[in-house]
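Scroll down for the structure; my scribbles are underneath it.
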Amino acid sequence: MSVAYSEALGQTLEVDRIMDHIKGTESGPTVVFFGGIHGNEPAGVFALKEVLDEIRAQKTKVNGEIYAIAGNLGALGKNVRFQKEDLNRIWTPERMDSSFSNMVECSDEEKELLEIRKVLFRILEEGKPPFYFMDLHTTSSDTTPFMVLNDSLLNRNYAANYPLPIILGIEEYLEGALLSYINELGYVSLGFESGQHNDIKAIRNHVDFIRFSLYLTSSVQASEKERTDLFNHIEQSSGTVAQRFYEIYHEHKIAPGDNFKMYPGFINFQHIPKGEPIAVYNGEIVKAKGQKRIFMPLYQDQGSEGFYFIRVIPKIWLQISRELRRFKVDHLLAKLPGVQWKSNQKDTLVVNQRVARFMARAFFHLLGYRARKFDEDHLVVKSRERASKTKAYKNAPWF
């Protein structure tokens, strides 16, 4: 149990790990929402409370099951992003193994992870497919709403039904995110960023997103007019960036002990002219080296990512990518010198850096791979397609 506080509403809310669970009388999907994975982002928690209370009060018919899961209970109670470490950066096999093997010395966030993981696998064991997992977040700077997801065709196909900008590729920069962990299990999983932490609009945008997601997954039925009106309202909130795919291509990383401060006034998707001062980093001014589009500027004390640069992905690039993945062209890569499968699962390639020089990361992205440094001489690139449980979603109306 924890107590979350919303500055936007001036209200507190008692929160359990499973905030709510509604099981319908008819068969349907299992839809899971996470709120408060970061403790200074309570908007999703309050929005989930509002929507699920409304469903109960109006006795709305539910197909399948709906879960509302609270994230970092300890951090929510203190209204901080995290207590010792970011809960959304430790969902790796190594961290989970070490947490299980030494639970006595676990950090606060590791204990939260183990509890959430236990709930997650109980849902997967007891629930019925298709499964949907959605992580509700807010940002330190003002923003139009947007979605973040790992680049699998399954995720892409689902997310394209929202009138929102979609950011691909963040998993290449953020290791250990909850949604990356779930996506590697093969399920639809995405993050939704609704606005600035303490802005009332962030709660309202979360409410709209939750309702639309329940309509889209057929968890809750709605008239055509209700769906259209909500679609249009969400689209208006996103302005001119709605329904476009973007990819991250640069991250300004902050190491422990670094001194970083953004200049004021930057917002997501903003165009930055060449030479524009962006931040002060360890006493030096960081300037844009060319025309840029900024993403997730950091305006809070906690966090290790100062800002990102993003660019629009052309539609033809997305179409080519889809066809290359359908025909599993990536299997030809393993026949090249300096490229080999990491294991018999054939979902991860180890690429010699000398070979990688002639194969831009954009090429790996086309084939559904995201790259990380493996050692001084090699990259490891992992596919987002192999694990996808696509067959479980083929009868969904959106598919």
Side-chain angles (χ1 to χ4, degrees), residues 1-22 31-60 62 65-90 106-120 123 133-143 145 178-179 191-214 237 298-303:
M1 174 75 73
S2 184
V3 177
Y5 172 71
S6 168
E7 182 178 319
L9 296 174
Q11 296 176 6
T12 58
L13 179 65
E14 290 188 346
V15 180
D16 286 316
R17 179 72 66 201
I18 300 180
M19 294 173 51
D20 206 344
H21 171 217
I22 300 177
V31 183
V32 183
F33 296 96
F34 297 97
I37 291 294
H38 291 135
N40 63 336
E41 301 177 18
V45 171
F46 281 83
L48 285 168
K49 171 72 172 171
E50 178 178 334
V51 175
L52 271 66
D53 280 356
E54 181 182 85
I55 289 173
R56 289 186 180 280
Q58 297 181 0
K59 298 182 179 179
T60 303
V62 171
E65 298 182 73
I66 306 169
Y67 284 90
I69 309 298
N72 197 332
L73 292 176
L76 274 168
K78 297 177 181 178
N79 195 28
V80 294
R81 182 177 173 89
F82 53 82
Q83 296 184 87
K84 182 180 178 183
E85 57 187 335
D86 196 327
L87 177 58
N88 209 29
R89 302 291 184 271
I90 60 174
C106 281
S107 71
D108 292 324
E109 272 70 33
E110 286 174 328
K111 292 174 184 176
E112 301 271 3
L113 179 149
L114 294 176
E115 290 181 11
I116 295 170
R117 186 178 183 276
K118 184 177 179 180
V119 171
L120 169 62
I123 291 171
F133 296 91
M134 304 180 205
D135 193 7
L136 307 179
H137 285 269
T138 51
T139 58
S140 60
S141 65
D142 191 23
T143 187
L178 168 62
L179 289 178
F192 175 63
E193 303 272 0
S194 69
Q196 199 275 337
H197 297 325
N198 300 314
D199 190 340
I200 188 66
K201 289 186 297 184
I203 298 176
R204 307 296 357 130
N205 289 336
H206 271 320
V207 167
D208 288 345
F209 176 83
I210 295 164
R211 286 175 176 157
F212 190 79
S213 299
L214 294 176
S237 73
L298 183 67
Y299 287 106
Q300 59 189 12
D301 294 332
Q302 292 178 311

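From a predicted model like this one, the values you see are computed outputs, not experimental measurements. Here, residue 1 is the first one in the sequence, and each next residue gets the next number.
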Set of residues satisfying side chain to side chain donor-acceptor pair (under 3.5 Å) with respect to H197, sequence neighbours excluded: T138, Q300
Rounded at 0.5 Å granularity, tell me how far NE2 in H38 sits from CG in D135. 8.5 Å
May I have all residue pairs that pass salt bridge (Lys or Arg N to Asp or Glu O under 4.0 Å) and include part of residues 34-47, sequence neighbours excluded? E41-R81
Once salt bridge (charged side-chain N to carboxylate O under 4.0 Å, His left out) is applied, do any residues pair with E112, and if so which ones, sequence neighbours excluded? R17
Residue set satisfying side chain to side chain donor-acceptor pair (under 3.5 Å) with T143, at least two apart, ordered chain then number -> N268
Write down the atom of A202, the atom of S194, and the distance for their closest heavy-atom approach. O-OG, 2.9 Å
I'd like to know whether N40 forms a side chain to side chain contact (heavy atoms under 4.5 Å, CB included) with V80, so could you lay out the CA-CA distance, the side-chain angles of the two residues, the decisive distance to 0.1 Å, and finally the verdict. CA-CA 5 Å; N40 63 336; V80 294; 5.6 Å; no
Between L87 and I90, is there a side-chain heavy-atom distance shorter than 4.5 Å? yes
Are the side chains of I66 and V51 in contact, using a 4.5 Å heavy-atom criterion? no
Would you indicate whether the side-chain heavy atoms of P145 and F192 approach each other to under 4.5 Å? yes
Sequence-distant partners of F34, ring pair (Phe, Tyr, Trp, His ring centres under 6.0 Å), two or more places apart: none
The salt bridge (charged side-chain N to carboxylate O under 4.0 Å, His left out) partners of E65 (sequence neighbours excluded) come to none
Kindly assign one of parallel, tilted or perpendicular to the pair Y67 and H21, based on the angle between their ring planes and the thresholds 30° and 60°. parallel
List the steps, then state whether side chain to side chain contact (heavy atoms under 4.5 Å, CB included) holds for V31 with S213. CA-CA 9 Å; V31 183; S213 299; 5.5 Å; no
Can you tell if the side chain of Y299 reaches within under 4.5 Å of the side chain of Q196, non-hydrogen atoms only? no
Donor-acceptor pairs under 3.5 angstrom involving side-chain atoms of residues 6-14: please list them, not counting sequence neighbours.
| residue | atom | partner | partner atom | Å |
| --- | --- | --- | --- | --- |
| S6 | OG | A8 | N | 3.4 |
| S6 | OG | L9 | N | 3.1 |

Nearest heavy-atom contact between L73 and S2 is O-OG, 2.7 Å
Using the side chain to side chain donor-acceptor pair (under 3.5 Å) criterion, which residues pair with N205? Sequence neighbours excluded. none
If only atom types and distance count, is the side chain of Q83 paired as donor or acceptor with the main-chain N or O of E109 below 3.5 Å? no
Going by the rule side-chain contact (heavy atoms from CB on, under 4.5 Å), which residues pair with K118 if we only count those two or more places apart in sequence or in a different chain? none
For the residue pair I18 and I69, establish whether any side-chain heavy-atom pair is separated by less than 4.5 Å. yes
Quick one: does L120's side chain get under 4.5 Å of F133's, heavy atoms only? yes
Going by heavy atoms in the side chains, are S237 and D208 under 4.5 Å from each other? no
Only counting residues at least two apart or in another chain, list the ones meeting salt bridge (charged side-chain N to carboxylate O under 4.0 Å, His left out) with D20. R56
Between H206 (side chain) and H137 (backbone), is there a donor-acceptor pair under 3.5 Å? yes
Contacts of E50 that satisfy side-chain contact (heavy atoms from CB on, under 4.5 Å) - sequence neighbours left out: R204, V207, R211
Looking at every heavy atom in both G36 and V45, which two are closest together, and how far apart are they? N-CG2, 3.9 Å
Take F82 and R89, measure what side chain to side chain contact (heavy atoms under 4.5 Å, CB included) needs, and give me the verdict at the end. CA-CA 11 Å; F82 53 82; R89 302 291 184 271; over 6 Å; no
Which residues satisfy the salt bridge (charged side-chain N to carboxylate O under 4.0 Å, His left out) test with D16, sequence neighbours excluded? none
Looking at N88 and L178, what are the two nearest heavy atoms and their distance? OD1-N, 3.0 Å
